[in-house]
Amino acid sequence: MSEPVTVKRQVTIAQPADKLYAFWRSFENLPRFMHYLEAVRTLDERRSHWMAKAPLGQSVEWDAEITADTPNELIAWRALPKAQVNNWGSVRFYAAPGDRGTVVQVELSYEPPAGKVGDLVAKLFGAAPDQQVREDLRRFKALMEAGEIPTIENQPHGERTLLDKVAGALKPSK
Amino acid sequence: MKAVCWHGKDDVRVEHVPDPQILNPRDIIIKVTSTAICGSDLHLYDGYIPTMEAGDILGHEFMGEVVELGKAVTNLSIGDRVVIPFPIACGNCFFCQSELWSLCDNSNPNAHIAEALYGYAPAGIFGYSHMLGGYAGGQAEYVRVPYADVGALKIPSDLRDEQVLFLTDIFPTGYMAAENGNIKPGDVVAVWGAGPVGQFALASARLLGAERVISIDRIPDRLELARRHSQAETINFDEQEVIETLKELTGGRGPDVCIDAVGLEAHGASVDALMDRVKAATFLETDRPHVLREAIQACRKGGTVSVPGVYGGMLDKVPFGAAFGKGLTMRMGQTHVHRYLQPLLERIQRGDIDPTFVISHHFPLAEAPRAYELFKHRVDCTKVVLKP
């Protein structure tokens, strides 16, 4: 077992804390902006089942439980023992200065396992888990402020040459 | 549908591409009735703007008729005639709420690219590189417009396309440039570049109370237009030394407001301009800021330098000491078009200004490649309107 990887990121969202807390507290919503998640299912008041996207039709799944829950301020969770990937996280909501909404601070940690599952997890989070979390929070902000996440997927374009396609495929993913 | 696609330096093609679709609840699709080529499209055509991809659909000045509505758009109807601002803005974030629409936090799906370059990402823009969102542009038969509920301006039926088309960009851009100059009665305003934005900056400076306006360019028909339309005094920089001439024209004190309506591809025969050409060609510098240097140098003490001209990256030898030493105010940035739509529409309706004065050419969309070439070489060409 290697050292846990921890990512901590903040974003300011021009919305009140109660709205942001409520959206996040319904864990089913998380895959709408956390792209590595396939689905989260609530099992009971404290426990939930998480499914992460994995390449080649494989999946990484675990059960998690809430370890702290202060309405409009804090939610913390961690994977239950025997999870394929031990991981935990928290989100805090603070009032932003100058009445500019809410600062959302997220902290996510996981212990990269060895072997096949470890490879999957590495693929899941990519080379830059930090950037992933940053993009997750950017999407969360857009969803909360504008009601949708900006996209250009499937929009029309003219002919792209083979070279362009190769260059596109090599581009680092977000 | 037909669309004007970018394929590299000096290479745009009209191609058949799939029609756009609604991708988000606040999107609409419009059938484009008029679109224009912007001076800033020439920066793309000349290959100066990074993160373009072959096949990208160009165009950020366009208007048309609503043909499809996303399910969250309730203030527009099918058939409405609308003008679309070139920056894409959500209307909800801190920046939109502060009327800084071109700095919207939520409209750029590639914000991470711009963040890496600029620290923080500005708004997405139609047809203007992947760094600025990668959105398909409006030099096409149809275009998808995100956040249309806050962006699209409905146009009364008694106004022709040509009268309102430039509300998308160049009229507000010239207007904001003048407004950024904080013009006071009696002021002298000098505007570098007599292209469409320069022309609107001159006209707007007049609207805002400038006593004298001075236009600087090298193209005789553009200088003539500035004289005719805005009663500008003119300086042809091929024939006259700009800074000295400005000093003489202003009784030795310098213009109160200097507007750089040229941006990163300044032409010029001075030593610094030639150095810029060499450095840009060898990638030692990304932009050619000859005009910006001149504007800073020419501006009176305590005056304002306003920059509507587009800059993209790194500039060499900008006389910041002169800017500091003279206590200049510098204002710049992409235009917050949404802020100006209604007030400038009203000015058009009142007859304060008729924006059609800049138009020199109409072309069918299918002839866009020829239009780009003509506009690039500025052969008696100030502004091209394309009709799909």
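Letters A, B, ... are given to chains in the order of the sequence lines, protein chains preceding strands, and every chain is numbered from 1.
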Would the number of heavy atoms belonging to other residues, nucleotides or ligands and lying under 6.0 Å from [atom1] of [X] be above 12?
{"X": "A:K8", "atom1": "NZ", "result": "no"}
{"X": "B:R339", "atom1": "CZ", "result": "yes"}
{"X": "A:D44", "atom1": "CG", "result": "yes"}

Pick whichever of [options] has the most heavy-atom pairs under 4.5 Å with chain A.
{"options": "B:C96, B:S107, B:G134, B:G124", "result": "B:G134"}
{"options": "B:C5, B:A111, B:C104", "result": "B:A111"}
{"options": "B:R13, B:M1, B:E15, B:R26", "result": "B:R26"}
{"options": "B:G91, B:G137, B:P18", "result": "B:P18"}
{"options": "B:D19, B:V150, B:L23", "result": "B:L23"}
{"options": "B:V17, B:N24, B:V4, B:D56", "result": "B:N24"}

Chain A contact via [X] - side chain, backbone, both or neither, heavy atoms under 4.5 Å:
{"X": "B:P146", "result": "neither"}
{"X": "B:A3", "result": "neither"}
{"X": "B:A72", "result": "neither"}

For A:Q155 and B:A136 the tightest heavy-atom approach is OE1-N, 3.0 Å
Taking every heavy atom of B:G55 against every heavy atom of A:R160, the minimum-distance pair comes out as C-NH1, 3.7 Å
So NZ of A:K141 and CZ of B:F94: to nearest 0.5 Å the spacing works out to 9.5 Å
- Task: Please round to the nearest 0.5 Å and tell me the distance separating atom CD of B:E53 and atom NE2 of A:H157.
- Result: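 So the gap between those two atoms works out to 8.5 Å.
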Non-hydrogen contacts under 4.5 angstrom with chain B: give the residues of residues 144-153 of chain A involved, or none if there are none.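 Counting heavy atoms that sit under 4.5 Å from chain B, the residues of residues 144-153 of chain A involved are A:E145, A:A146, A:E148, A:I149, A:P150, A:T151, A:I152, A:E153.
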For residues [X] and [Y], determine if any side-chain heavy atom of one lies less than 4.5 Å from a side-chain heavy atom of the other.
{"X": "A:R134", "Y": "B:E115", "answer": "yes"}
{"X": "B:R144", "Y": "A:P156", "answer": "no"}
{"X": "B:H112", "Y": "A:Q131", "answer": "yes"}

